[in-house]
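Working notes, structure below.
In this text the structure is predicted, and so the values were computed from the model without any measurement. A, B, ... follow the sequence lines: proteins, then strands. Residue 1 opens every chain.
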2 protein chains.
Amino acid sequence: MVAAGAALADEVGFARLTMGLLAERVGVRTPSLYKHVGGQDDLNRRIAALALNEAADAVGDAVRGYAGRDALAAAARAFRAFVLAHPGRYAATIGQEPSGPEDPLATAGQRLLGAFTAVLRGYDIPDHEVNHALRLLRSLFHGFATLQAADGFQWSTDVDESFEWLIAFADRGLRTL
Amino acid sequence: MVAAGAALADEVGFARLTMGLLAERVGVRTPSLYKHVGGQDDLNRRIAALALNEAADAVGDAVRGYAGRDALAAAARAFRAFVLAHPGRYAATIGQEPSGPEDPLATAGQRLLGAFTAVLRGYDIPDHEVNHALRLLRSLFHGFATLQAADGFQWSTDVDESFEWLIAFADRGLRTL
DNA sequence: CAGTCTTGGCTAACGTCAGTAGCTTTTAGT
DNA sequence: ACTAAAAGCTACTGACGTTAGCCAAGACTG
């Protein structure tokens with residue numbers, strides 16, 4: 001149900017994800033959906049939680065066995081690949097605030113954060129700067145991925161190249177704190 | 001009209017900006033709005049263009065008279081301040097693709113980009129890397145601002161401090177290319 | 001000054017969509 | 001075989017975006 005919604009969001013775009021469309025997709029009349037989800041808000045939040053968990057898995061898997069720059073590059077590429085492959089469900093995460101620490105959305109966010117924290121362990125970062133570095137990485141990758149997904153880079157230069165440049169930039173910065 | 005819409009979006013949140021609400025705000029019945037804007041899509045795009053132009057102005061003004069690290073810090077702070085002061089209209093810019101080079105949205109985006117380009121002139125950046133650096137800055141600030149506006153994580157540590165740390169990080173990286 | 005065109009407002013209506021109420025069917029457990 | 005939960009359905013409501021068609025006020029022109 002939520003998986004179908006996420007898939008549909010990836011196909012038609014998150015903004016065009018409608019209860020009626022989802023019902024049609026799963027071969028059911030619209031009101032029947034309400035036996036499975038609380039409503040559109042609930043559906044959106046669950047798609048967002050799914051997306052964050054999947055992103056955390058993707059980043060976590062990609063990082064396994066690597067450290068330092070290799071880990072950073074693997075995490076970055078995995079994250080971007082995920083967002084580009086699943087733009088709809090990732091868009092669902094934008095503008096969702098977890099209602100509390102028990103919210104599945106919050107724990108999913110924590111898992112993703114944890115995956116990036118693992119990357120930072122490969123660098124020599126003072127304790128009190130780890131949170132700052134974490135926010136840096138999240139901002140950087142979230143920003144790049146969403147801008148590209150929205151086609152925010154209208155310029156001609158190759159985007160892949162920019163992304164690799166960006167990874168190198170972050171790596172250099174993290175190595176020289 | 002568009003200005004009123006932008007103001008309303010800032011107040012109630014972009015997602016809750018409705019034609020009926022805007023009509024009420026400007027003291028008119030809903031259908032009368034269509035004498036001024038083409039519809040909700042058109043309104044959204046115009047609000048987005050307004051926001052990008054205002055952001056470009058804010059960044060451009062803030063940078064004037066500074067260079068290097070001072071310019072970068074001024075630009076970054078101005079941009080973030082703008083997004084936090086006008087979350088609704090800035091949210092309108094997310095996920096809007098300009099229809100062509102003549103689209104006011106595209107030219108507004110170019111102006112904002114130009115403001116950041118001015119900042120980069122204060123650093124010694126090889127020609128072929130300027131575009132990469134530009135995308136870095138845009139991703140970084142867009143990501144940070146939107147994540148904070150959406151309260152995307154549980155920010156336990158002070159956000160202002162993280163932002164200043166992020167500025168310092170970017171400055172160091174740009175100085176040592 | 002009279003006529004006309006433009007501008008900006010209005011009411012009435014329609015289509016789409018989220019969501020609710022209440023009933024029926026299917027299915028699973030005893 | 002019986003019952004109760006799970007999951008489906010039709011019918012309906014209300015909110016919203018949007019269009020059609022009409023009307024009033026002001027500007028421009030003969």
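Within the 4.5 Å cutoff, no side-chain heavy atoms of A:Arg135 are placed close to those of A:Arg138. Taking 4.5 Å as the limit, every side-chain heavy atom of A:Phe82 sits out of range of all side-chain heavy atoms of A:Asp57.
Residue A:Thr30 is classed as having no contact, given no heavy-atom separation below 4.0 Å to the nucleic acid.
Residue A:Val28 has its side chain nearest to D:dC9 when only C:dT11, D:dG17, D:dC9 are considered. For A:Thr18, the listed nucleotide lying nearest its side chain is C:dC17; candidates were C:dC17, C:dT20, D:dA20.
The nearest whole Å value for the distance from the OH atom in B:Tyr34 to the P atom in D:dT18 is 4 Å. In this structure, the CZ atom of B:Arg16 is 15 Å from the C1' atom of D:dA15, given to the nearest Å. B:His36 has its NE2 atom 11 Å from the P atom of C:dT7, to the nearest Å. Whole-Å rounding puts the A:Lys35 NZ to C:dG22 C1' distance at 10 Å. At whole-Å resolution of the value, CD in A:Glu24 and P in C:dA18 are 13 Å apart. Regarding A:Asp42, its CG atom lies at a distance of 13 Å from the C1' atom of C:dG19, rounded to whole Å. Protein atom CG of A:Asp41 is 17 Å distant from nucleotide atom P of C:dC17, rounded to whole Å. The CG-C1' distance, from B:Asn44 to D:dC16, rounds to 14 Å in whole Å.
Note on A:Ser32: a side-chain N or O is less than 4.0 Å away from OP1 or OP2 of D:dC9.
Mapped onto DNA chain D by nearest heavy atom, A:Pro31 and B:Gly20 fall at different nucleotides, with A:Pro31 at the one closer to the 5' end. Taking the nucleotide of DNA chain C with the nearest heavy atom to each of A:Leu21 and B:Leu33, the more 5' of the two is matched to B:Leu33.
Heavy-atom neighbours of A:Asp124 CG from other residues, nucleotides or ligands within 6.0 Å: at or below the threshold of 12.
When all heavy atoms of B:Phe79 and B:Ala145 are compared, the closest pair comes out as CE2-CB, 4.2 Å.
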CA sep, side-chain torsions, deciding dist, call: B:Phe144, B:Phe163, ring pair (Phe, Tyr, Trp, His ring centres under 6.0 Å)
CA-CA 8 Å; B:Phe144 194 93; B:Phe163 192 68; 5.0 Å; yes
